[in-house]
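Both backbone and side-chain heavy atoms feed into the values below; hydrogens, waters and symmetry mates do not.
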Amino acid sequence: MARNPAGKRDNVVSFPKQSKLNIGVIILAVVFIYIMVCVATYLSREQIQSYQVREGSLVEDTRYSGVIIRQEDVIYSDGAGYVNYFTAEKERVAVGNLVYTLDSSGTIKDYTDLLNADENSLSEDDKEEFRYLIDSFLEKYSDDSFSSVYELHTTLTSQTDKLVNNLLLENINTLYSSTSSMIEYHYASETGIVAYWIDGLEDLEAGEVSSSLFDSSSYSRTELVSNSLVADGESVYKVLPSEYWDLVITDVEEENLEYYLSEEVVQVRFLKNDLLLWADVSAATNSLGETLLVLSFQSGSVNFSTDRFLEIEIITDDDTGLKIPISSIVEKSFYLVPEEYVSYVEEENAYYILIESYGEDGLTVTRTEVEPYSLKENDYYLDDASIDLGTRIYKLDSSDVYTVSSMGTLTGVYNINKGYAEFRQITILDENELYAIVQSNTTYGLSAYDYIVLNADAVDENDFIYE
């Protein structure tokens, strides 16, 4: 026994250290590992996405650029001075309506400069009108139609001029008294839509149109604005007196041109505002011998009164049905069984076949319920675990036997209304790169508002769907 220096015994006895194993920590660790495995599995597998089937259409169309030709009567100033407009652009005027004033003294210009600088010159109703115009623009705006920003600018500028000029009209008598006869009133001499721009193509005819006209680098236009100084004989505004107008298109493929001419009337979508109009179709020839497509419209002139060139699509086909993504479409193989070997029990709303099989008791015939996926050319398309190539099927109330010997393929989608992937046949009417139009309300098919798997290659039939 060891002794310490003082000669006393050391009574301290050493024991092996015991591990402090906490069962709670072990459980938490197991749970954590399980959660991590589940998360890793979820992230590694392709996510199943659903798509709700809706009515829709596929439009096959061709995009073109066209130049507008119409009657445009330019009105010229019969004096010099500052011009101020009292009719908003795109508004229709009648004969005798005040369009603009001509101020040789500059008094009105000074007064409008003060109005524009006065932040309190707009009433609450005026401000609400501006909010409405901006909100309407934001609701319809998309990056694909950035040109609509310029349209908004024109609309807001026109609205501002209209409000300022309304204030001018309220004080015009005072201004007139102070400037004597230096303010001249000019009224419309014809009825039509007012436009405040010129580009030198007001007298353009269809036969003068060529591909070079669409070169933007050589095109220019002049905006006519209030408070600008004009000389005697200069353009001050123009009137579009008719609703009739033409859109002339160059570089149309011969095959397409012949088709449009044979149709005589086509539907046109304008990319600027998605407006749809019908147009009469004709052709013209320019001095270069090029054949031009001429689309003639009887309405819509006011919508494009500030435009010379337009981007359009000519709609040549418009199939309507159920619109589904191409990614949801699959093909599936089925066993073909003649219609007379499948019996339908109306009371049970079920289909049955009589299958021959061998067991411990020898030859037996089993009545088996099946679900047909389609009926084509007197053959049912069946997919059942009890059927295979070589399976013998008996006809009801007969000794006739059919041996399953062929298979067929159906095009369809996976319907997930019941929470699992269930194949449903579809009949494709039309398709493009992204979508297909399929027939609605078909037997064994789809209906509007059904839910289907968007990425069909990520599932198998009868898989449960967890979104």
Side-chain angles (χ1 to χ4, degrees), residues 12-56 143 322-335 348-353 355 357 359-360 366 368-374 381-389 391 407-426 428 431 433-436 438 440 444-467:
V12 178
V13 179
S14 298
F15 291 94
K17 290 185 178 180
Q18 296 181 354
S19 61
K20 297 180 179 179
L21 200 60
N22 191 318
I23 189 66
V25 173
I26 295 176
I27 293 174
L28 287 176
V30 171
V31 171
F32 177 76
I33 294 173
Y34 174 76
I35 292 174
M36 293 303 296
V37 170
C38 290
V39 171
T41 302
Y42 176 81
L43 294 177
S44 62
R45 73 181 184 185
E46 187 172 359
Q47 302 304 305
I48 307 302
Q49 302 177 57
S50 65
Y51 175 86
Q52 188 178 40
V53 179
R54 296 292 184 94
E55 293 280 353
D143 292 339
L322 299 178
K323 188 174 183 179
I324 63 173
I326 292 294
S327 61
S328 66
I329 298 176
V330 295
E331 288 191 345
K332 182 176 173 62
S333 297
F334 296 88
Y335 299 104
E348 302 177 20
N349 189 27
Y351 293 84
Y352 294 94
I353 57 175
I355 298 178
S357 60
E360 295 180 355
T366 305
T368 303
E369 182 178 354
V370 292
E371 181 181 2
Y373 285 83
S374 182
Y381 285 66
L382 304 180
D383 179 30
D384 191 273
S386 59
I387 305 176
D388 203 345
L389 294 177
T391 298
M407 301 184 72
T409 301
L410 293 178
T411 302
V413 297
Y414 289 127
N415 183 300
I416 55 174
N417 290 349
K418 300 176 182 178
Y420 61 91
E422 185 179 19
F423 183 87
R424 285 288 177 261
Q425 180 198 359
I426 59 174
I428 298 177
E431 63 182 304
E433 296 82 1
L434 298 176
Y435 291 94
V438 304
S440 61
Y444 318 111
L446 290 176
S447 299
Y449 307 109
D450 280 348
Y451 281 92
I452 61 176
V453 175
L454 177 62
N455 46 335
D457 56 352
V459 301
D460 293 317
E461 189 170 11
N462 296 321
D463 281 355
F464 285 96
I465 305 301
Y466 303 98
E467 293 189 76

Can you tell me how far the CD1 atom of Ile326 sits from the CD1 atom of Ile428, to the nearest 0.5 Å?
6.0 Å
Can you check whether Val413 reaches Val438 side chain to side chain, under 4.5 Å on heavy atoms?
no
How many angstroms lie between CE in Met407 and CZ in Phe334, if you round to the nearest 0.5 Å?
9.0 Å
Assign the ring pair Tyr420 / Phe464 to parallel, tilted or perpendicular, where the plane angle (0 to 90°) is split at 30° and 60°.
perpendicular
So how far is it from Ile355 CD1 to Thr366 OG1, rounded to the nearest 0.5 Å?
7.0 Å
To the nearest 0.5 Å, how far apart are CZ in Arg424 and CG in Asp450?
8.5 Å
Distance in Å, Leu322 CG paired with Ile426 CD1, rounded so as to fall on 0.5 Å steps:
9.5 Å
Is Glu422 salt-bridged to Lys332, cutoff N-O under 4.0 Å?
no
Would you mind reporting whether Tyr381 and Thr409 have side-chain heavy atoms less than 4.5 Å apart?
no
Closest contact, heavy atoms only, Asp383 versus Tyr373
CB-CE1, 3.9 Å
Find the distance between CD (Gln49) and OG (Ser328) and round it off to the nearest 0.5 Å.
11.5 Å
Does the plane of the ring in Tyr414 sit parallel, tilted or perpendicular to the ring in Phe423? Use 30° and 60° as the thresholds.
perpendicular
Are side-chain heavy atoms of Tyr449 and Arg54 found at a separation under 4.5 Å?
yes
Tell me, do Leu382 and Pro372 make a side-chain contact under 4.5 Å, heavy atoms counted?
yes
